[in-house]
Structure formats: structure tokens, C-alpha cells
Amino acid sequence: MLKTKMKRVADRGDHAVRRVAEIEASITNLFNEDLLDLADIFKAEPRTPIGDMAFSEMARRNITL
């Protein structure tokens, strides 16, 4: 039983990691205008993880709000 629970927890963690990677890839693939819109939505302080991802991508592209 313990092995089954450990596997389930590990699978859940793997799924979460894949999902976050998909979200990061989606943000990276946005056009500049859409990225700016996303950053504008999530610009409140303290920033959320999605806001951090958007602002990091903006910095990489050298664009600002």
C-alpha cells in the first residue's frame, strides 16, 4: 500500500512539473502584444508566479509595459 501511495504522489509531482513547463512554454510563445496584456493583468505586487514568468519573458525580449 505504501508503494502505491508513494507512486501516486510521485506521479502527481511529475504531472505538476510538466504542467508548469507547459505554462512557461505557452508564455514564451506569446506574441509581444499578448505578453504585454498578460503582464498587465498580473502586474500587482506581490507578483504571482505567472506574473514572474511574464515579466521574465519580457526582460528576455527587452520590452516593457
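All values reported here derive from a predicted model rather than from experimental measurement. Along the sequence shown, the residues carry numbers beginning at 1.
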Original post:
Knowing that exactly one of Asn29, Leu35, Asp34 qualifies, which makes a side chain to side chain contact (heavy atoms under 4.5 Å, CB included) with Phe31?
Top reply: Asp34
Original post:
Which atom pair, heavy atoms only, marks the closest approach of Phe42 to Phe55?
Top reply: O-CE1, 4.3 Å
**OP:** With sequence neighbours left out, write down each residue that passes side-chain contact (heavy atoms from CB on, under 4.5 Å) with Asp40, or none if nothing qualifies.
**Re:** Lys43, Leu65
**OP:** Go through the steps to decide whether Val17 and Val20 satisfy the test side-chain contact (heavy atoms from CB on, under 4.5 Å), and finish with yes or no.
**Re:** CA-CA 5 Å; Val17 169; Val20 169; 6.0 Å; no
**OP:** Check salt bridge (charged side-chain N to carboxylate O under 4.0 Å, His left out) between Arg60 and all other residues, then give those that pass, not counting sequence neighbours.
**Re:** Glu57
Original post:
Could you go step by step and tell me if Ile27 and Ile50 meet the side-chain contact (heavy atoms from CB on, under 4.5 Å) rule?
Top reply: CA-CA 9 Å; Ile27 291 171; Ile50 292 177; 4.2 Å; yes
Subject >> Spacing of Met53 atom CE and Arg47 atom CZ [to the nearest 0.5 Å] >> reply: 13.0 Å
Subject >> Arg18: side-chain hydrogen bond (donor to acceptor under 3.5 Å, both in side chains) partners, not counting sequence neighbours >> reply: none
